[in-house]
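Data first, discussion second: the structure below is written as structure tokens.
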Amino acid sequence: MRGRASGGGGGAGADGPLPGRGPSGDRARHPHRRPHPLREPEGGGRRPHRQRRGRARSVRASHRRGRLRYRHHPRRHLRAGRVPGRRHRARGGGRPRRPLRPSRAAAAGGAGRAPPRHRPQHGAVDPVRCAVRHRCPRRWHGGAHGRRARPAHGGRHRRAERADRSLLPQRRAPRAVAHPVRAASRVREEPGVSPPYRYDVTRSAASLHDEFGGLAPGTQTATTVSVAGRVMLRRVQGKLAFATLQDGTGRVQLFAPAAGTPRFDDFCDLSIGDWVGVTGEVITTRRGELSVKVTDWVVLAATRRSFPDKWHGIADVDTRYRQRYVDLWASDDARSTALARSRVLALTRRWLDERGFVEVETPVFHPIPGGATARPFTTHHDALDLDLYLRIAPELYLKRLVVGGMERVYEIARVFRNEGLSTRHNPEFTMLELYQAYADYTDMMAVVEELVVHLATTLCGTTRLTYDGRPLDLEPPWPRATMVELIEQHAGVRVDLSSPVDELRRICEDRGVHVEAGWGPGKLVLELYEKTTEAQLWGPVFVCDYPQEVSPLARDHREVPGMVERFEVIAAGRELANAFSELTDPDEQRRRFEDQAALRGGGDEEAMAVDADYLRALEYGLPPTGGLGLGIDRLVMLLTGTTAIRDVILFPTLRPEQGE
RNA sequence: GCGCCUCUAGCUCAACGGCAGAGCAACGGACUCUUAAUCCGCAGGUUCUGGGUUCGAAUCCCAGGGGGCGCACCA
């Protein structure tokens, strides 16, 4: 029952600077993105408009940006005066559903594309028909003056607004195949010549910015370096070409004059997304941009598929999840969240290791699913002809290890629960479970509090986070309250496990809480808490003392009858951790299992089954033990400010792709 | 599983029931300090699919498919 927590969010973070966050590495970051403490300060962003993350951001906002940008564009008057050309399809008249493509027309022996039936000259069309602006005399351009000058008036404006709303990323309709194979790439590997097997990289983008940041414009360093990465932007200007190279740490500009760049024409033909290795001198351009002046280069891998729109990135969230390998390039958030997760895991391990906890691995295949109440996935071992379950929690195995004398153990365990998907639930997620002998649940409170604060201060630099627009201060000590107290506070009723069941049932029903026959007082109280109180908590807060009836693995409360020594941590309105003083008495554990088995027999698919071997282990003696489960996914969400669990799981569970 | 929303060029998006378009990408050309480079040009469509209404459907209706959100399930 522990560690149901899982979560999703999005951010960035690191203990210490993330790679590529040097003074110039920040350039590519966008100033309008949601501020979050985990993200690095904006100070280095010299020209932060550079690239847009394909993240959850309204298209309207990008339109705004576009307008702002081009209002000050030096050549705006040229752009504004330019009326986009109109496209005409070959069409003989009428309205063919299937327009002839040139190839088909030729194949059909036709005369090829028919001349346009009516080719309006700009300005030749009744200017009154265009309500947008005088500049555009046409009516049927669709109002698509582009994001640079979206008209903002009249009905057209209203429609545009409506359309904008429909474009919010969450509501966009994804397409299964976003980036089809290109018909032909520009730079192919030379026929018969395969890319090199290795490439000597001497600097990363971030290290270049660290080492050479702040040079005056026009500096030549006489330092030759080799960098490698993906071409993300390309600016060819006749006899001079620029490219933006991105590697795992950040971005650096490539400067390629025709004189001095081998195979200059091929360099200009590099596609966005091609991997290249480049050797050259570190310089700054006249504008002061740190660059590598190309003296040699090689294609390491040519991309055969188009990269996402360099400005919008991937707006289609489904594509981002399905094609994370593209998302990681196109979206800074995707990268930084992945890195943040990695750091959470590394820091957690280090923190636990320093405190004498031993990391272990326990089976994923369980003959008897246990340790939580959840519906498991089933599988089958052919040789043993044995039905097995993917674990829903590692708990019972970890406590076996405590019986075996491993006094402090933990596992960062992928667990699997056969449940629906949501922004907070993925069928497989990661849970930290740890067990400490000679400790009780108050010790676990100290552990979770210290660990989370440690992670927050290391990764975010503060305990004062903002999540989903609301402040969340993790500064210890976190408040503690019993479930009964919280119910009284939020539902306005004092409940008591010793009350008659009918009375508790009536209390629930009075508050619109659905109840089922057969529920005992403990289940009723828990249900009352979950439906009336939990959603109102923001936290962090320790919710203490759960009914024994719903906690089959926790030890009876030393003072309150009917309760167990168990707490959950609510942070940002979500359950983050679950812990208790472990039940050590084998006889009591057997009774609890049998109660669960009865529920199971009654049709409760999530109730626990009797695990005879676990009981046998307890019979050998489990010392007093405190146990804690903590949802890593939800913790990462919290620390990165992301609100969808799919954003913190690199490859979330998705319906299989259709087609292609 | 239920409800709501959505699907237009490779991408991001326009288009009162009346000629399906733009920007970016791609392709051809110009350009030696760009940085979402710019400029000129050329291409690019089974408007998710199938029915229906209509003189006429991307647009309205029905069904199916994909996707999103919410609920339910679920710690």
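By convention in this document, chain letters (A, B, ...) are assigned in the order of the sequence lines, proteins followed by strands, and residues within each chain are numbered from 1. Computed from a predicted structure; not experimentally measured.
For the pair A:K293 NZ and B:U32 P, the interatomic distance rounds to 16 Å; values are reported in whole Å. Regarding A:L240, its CG atom lies at a distance of 16 Å from the P atom of B:U38, rounded to whole Å. Computed from coordinates, the A:L290 CG to B:C33 C1' distance equals 14 Å when rounded to whole Å. Spacing between atom CD1 of A:I272 and atom C1' of B:U12 amounts to 15 Å, rounded to whole angstrom units. Put simply, CD on A:E530 is 11 Å from P on B:C73, counting in whole angstrom units. Atom P of nucleotide B:U32 and atom CG of A:D265 are separated by 13 Å, given to the nearest angstrom. At whole-Å resolution of the value, CZ in A:F242 and P in B:C31 are 16 Å apart.
The P atoms of B:C48 and B:G66 are separated by 16 Å, rounded to the nearest whole Å. Using P as the reference atom, B:C11 and B:G17 are 26 Å apart when rounded to the nearest Å. Taking atom C1' on both B:A58 and B:G18, the two are 13 Å apart, rounded to the nearest angstrom. B:G50 and B:A30 have their C1' atoms separated by 49 Å, given to the nearest Å. B:G51 and B:C73 are spaced 41 Å apart, taking the P atom of each and rounding to whole Å. Remark: the separation of the P atoms in B:G21 and B:A15 is 14 Å, to the nearest Å. One C1' atom belongs to B:U32, the other to B:U47, and the distance between them is 45 Å to the nearest Å. Comparing the C1' positions of B:A43 and B:A26 gives an interatomic distance of 9 Å, to the nearest angstrom.
Side-chain contact between A:L486 and A:V543: present, with at least one pair of heavy atoms (C-beta onward) separated by less than 4.5 Å.
Of the N and O atoms on the side chains of A:Y389 and A:N418, not one donor lies less than 3.5 Å from an acceptor on the other residue. No side-chain N or O of A:R230 forms a donor-acceptor pair with one of A:Q246 less than 3.5 Å apart. Between the side chains of A:S551 and A:R566, a donor-acceptor pair is found at a separation under 3.5 Å. A:D647 and A:Y321 form a side-chain donor-acceptor contact under 3.5 Å, judged by distance and modelled atom types alone.
For A:R235 and B:C39, the shortest distance from a side-chain N or O to OP1 or OP2 is not below 4.0 Å. A sub-4.0 Å separation between OP1 or OP2 of B:C33 and a side-chain N or O of A:Q237 is present.
Less than 6.0 angstrom separates the ring centroid of A:F542 from the ring centroid of A:F567.
For B:C71, the paired nucleotide is B:G1, the pair qualifying as Watson-Crick or G-U wobble because both relevant distances are below 3.5 Å. Across every strand in view, B:U47 sits unpaired, with no contact that passes the Watson-Crick or G-U test at under 3.5 angstrom. The partner of B:C33 is absent, by the rule that a Watson-Crick or G-U pair needs both atom distances under 3.5 Å. Summarising the base pairing, B:C42 is matched to no nucleotide, lacking a Watson-Crick or G-U wobble pair whose two defining distances lie under 3.5 Å. The base-pairing partner of B:U12, taking Watson-Crick or G-U wobble contacts with both distances under 3.5 Å, is B:A22. In this entry B:C60 has B:G52 as its Watson-Crick or G-U wobble partner, both defining distances falling under 3.5 Å.
In the set B:A36, B:C31, B:C33, B:C31 carries the atom at the smallest distance from any side-chain atom of A:V236. Comparing atom distances between the A:L233 side chain and each of B:G70, B:C33, B:A36 picks out B:A36 as nearest. You'll find that the side chain of A:R234 is closest to B:A26, out of B:U32, B:A36, B:A26. In the set B:C73, B:C33, B:G70, B:C73 carries the atom at the smallest distance from any side-chain atom of A:R375.
The existence of a salt bridge linking A:R414 and A:E428 is confirmed by a sub-4.0 Å separation between a basic side-chain nitrogen and an acidic carboxylate oxygen.
When heavy atoms are screened at a 4.0 angstrom cut-off, A:I283 is found touching no nucleic acid atom at all.
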